There are 2 protein chains.
Amino acid sequence: MTYTIKQAAEKMNVTAHTLRYYDKEGLLPFVSRDKSGNRVFTEGDLEWLGLISCLKHTGMPIKQIGTYIQWCAAGESSIGARRQMLIEHREAILRQLEELNHNLEAINRKIQYYNKLVGVKAVDEAVDPQPVAAE
Amino acid sequence: MTYTIKQAAEKMNVTAHTLRYYDKEGLLPFVSRDKSGNRVFTEGDLEWLGLISCLKHTGMPIKQIGTYIQWCAAGESSIGARRQMLIEHREAILRQLEELNHNLEAINRKIQYYNKLVGVKAVDEAVDPQPVAAE
DNA sequence: CCTTGACTTAGAGTCAACTCTAAGGTTTAG
DNA sequence: CTAAACCTTAGAGTTGACTCTAAGTCAAGG
């Protein structure tokens with residue numbers, strides 16, 4: 001079974017415009033065309049889209065995703081480089097997670113502080129209450 | 001002890017340009033000026049900057065941070081609204097964390113797959129190895 | 001045959017968040 | 001006294017990632 005650009009876009013939770021933009025940026029070299037020039041997405045292509053979505057949502061810039069995809073298209077000789085890029089990207093994700101958790105704690109403390117002011121009885125999972133900044 | 005815009009920017013890991021931009025967007029109503037019109041940052045101001053940084057790094061748009069800060073400046077009557085905003089923001093952070101962890105697992109599987117191809121002996125903490133997409 | 005609706009392209013427009021420039025003011029060191 | 005090194009403003013320019021428009025092609029239904 002294959003998909004039109006609209007159907008593929010729906011499955012990926014983006015617009016057809018966005019998929020065309022990705023194609024223009026070199027992210028979709030694997031997508032083929034039918035006799036009248038329209039893009040045809042296969043199940044395998046949707047897996048590629050899933051990978052792109054994964055990299056995008058972890059903060060990799062479109063250009064770098066393009067580089068990665070081009071490396072994939074270039075074949076086995078690029079496996080070392082691809083592996084290295086993903087390892088560095090994993091480091092970036094771990095730093096994001098750390099920062100996000102740290103900031104979440106600060107927000108939690110602030111909410112706790114507001115809960116006290118407003119007189120709410122321990123509704124949320126609390127950390128020890130100390131405001132991040134004055135006010 | 002007080003700080004110039006450059007020193008405050010350094011402490012916050014942004015440029016002085018960025019702090020002026022934040023001021024223009026209404027994020028720094030608390031910062032006062034010296035007799036010749038230059039911004040003077042107090043220790044308390046740096047705490048505010050810390051809060052702004054926290055909200056920014058968890059994905060809150062500048063405009064919304066502006067709204068929050070204006071609410072703070074408006075006094076006690078806005079405590080309920082501020083609390084509500086932070087509670088909703090916490091939900092957004094938790095969703096981000098969930099997605100980030102999910103995508104991290106996919107990246108880990110892909111790295112494991114490359115490790116096998118490249119013949120590396122279990123260097124990293126592995127999840128069960130399955131590639132995200134073909135190739 | 002003709003309209004409807006999906007697709008195509010090149011290229012322009014939008015938005016957030018900076019990032020920088022120009023032109024000028026003030027304070028300190030030589 | 002003046003040059004360096006800060007600061008100020010208004011406003012223009014950049015970047016990344018879309019987002020949309022215009023003009024056109026193509027296949028199916030009435």
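On a predicted model such as this, the values are computed, not experimentally measured, just so you know. Each chain gets a letter, A, B and so on, in the order the sequences are listed, and its residues count up from 1.
Atom pair A:M60:CE and D:dA17:P shows a separation of 12 Å (rounding to whole Å applied). Rounding to whole angstrom units, CD1 of residue B:I5 and C1' of D:dA5 are separated by 15 Å. Straight-line distance from the CG atom of A:L28 to the P atom of D:dC18: 12 Å, rounded to whole Å. One atom, CG of B:D34, and another, P of D:dT8, lie 8 Å apart when rounded to the nearest Å. Taking atom CG on A:L19 and atom P on D:dA17, their separation rounds to 16 Å, with Å as the unit.
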With a cut-off of 3.5 Å and sequence neighbours excluded, list every side-chain donor-acceptor pair involving residues 22-29 of chain B.
| unit_1 | atom_1 | unit_2 | atom_2 | d |
| --- | --- | --- | --- | --- |
| B:D23 | OD2 | B:R39 | NE | 2.7 |
| B:D23 | OD2 | B:R39 | NH2 | 3.3 |

Under 3.5 Å, side-chain donor or acceptor atoms of residues 50-65 of chain A against the rest of the protein: list the pairs with distances, not counting sequence neighbours.
| unit_1 | atom_1 | unit_2 | atom_2 | d |
| --- | --- | --- | --- | --- |
| A:S53 | OG | A:H57 | ND1 | 3.2 |
| A:H57 | ND1 | A:S53 | O | 2.9 |
| A:T58 | OG1 | A:C54 | O | 2.9 |
| A:T58 | OG1 | A:L55 | O | 2.9 |
| A:T58 | OG1 | A:H89 | NE2 | 2.7 |

Under 3.5 Å, side-chain donor or acceptor atoms of residues 9-19 of chain B against the rest of the protein: list the pairs with distances, not counting sequence neighbours.
| unit_1 | atom_1 | unit_2 | atom_2 | d |
| --- | --- | --- | --- | --- |
| B:T15 | OG1 | B:H17 | N | 3.4 |
| B:T15 | OG1 | B:T18 | N | 3.1 |
| B:T15 | OG1 | B:T18 | OG1 | 2.9 |

Nucleotides 23-29 of chain C: which of its N/O atoms have a protein N/O under 3.5 Å away?
none

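The distance from atom CG of B:D34 to atom OG1 of B:T4, rounded to the nearest 0.5 Å, is 10.5 Å. From B:L104, atom CG reaches atom CD of A:Q96 across 10.0 Å, with rounding to the nearest 0.5 Å. Separating the CZ atom in B:R82 from the OH atom in A:Y113 is a distance of 8.0 Å, to the nearest 0.5 Å. The distance from the CD1 atom of A:I107 to the CG atom of B:L94 is 10.5 Å, given to the nearest 0.5 Å. Atoms CG and CD1, on B:L100 and A:I93 in that order, are 6.0 Å from each other to the nearest 0.5 Å. Here the CH2-SG distance, from B:W48 to B:C72, works out to 4.0 Å after rounding to the nearest 0.5 Å.
Remark: B:T4 is in phosphate contact with D:dC7, judged by side-chain N or O atoms under 4.0 Å from OP1 or OP2. OP1 or OP2 of D:dC7 has not a single side-chain nitrogen or oxygen of B:K6 nearer than 4.0 Å. Contact annotation: A:Y22 reaches the phosphate of D:dC18 (side-chain N/O to OP1 or OP2, under 4.0 Å).
For A:K56, the side-chain atoms get nearest to D:dC18 when compared with the rest of C:dA6, C:dT8, D:dC18.
Put simply, the side chain of B:E105 never gets that close to the backbone of B:H102: no donor and acceptor are under 3.5 Å apart.
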Taking Watson-Crick and G-U wobble contacts under 3.5 angstrom, with | marking pairs to another strand and [ ] crossing pairs, the secondary structure of DNA chain D is written ||||||||||||||||||||||||||||||
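With a 6.0 Å radius and a threshold of 12 heavy atoms from other residues, nucleotides or ligands, A:E98 has its CD atom at or below the threshold.
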Scoring nucleotides 9-16 of chain C by protein non-hydrogen atoms under 4.0 Å (B base, S sugar-phosphate only, - none) yields B-B----S
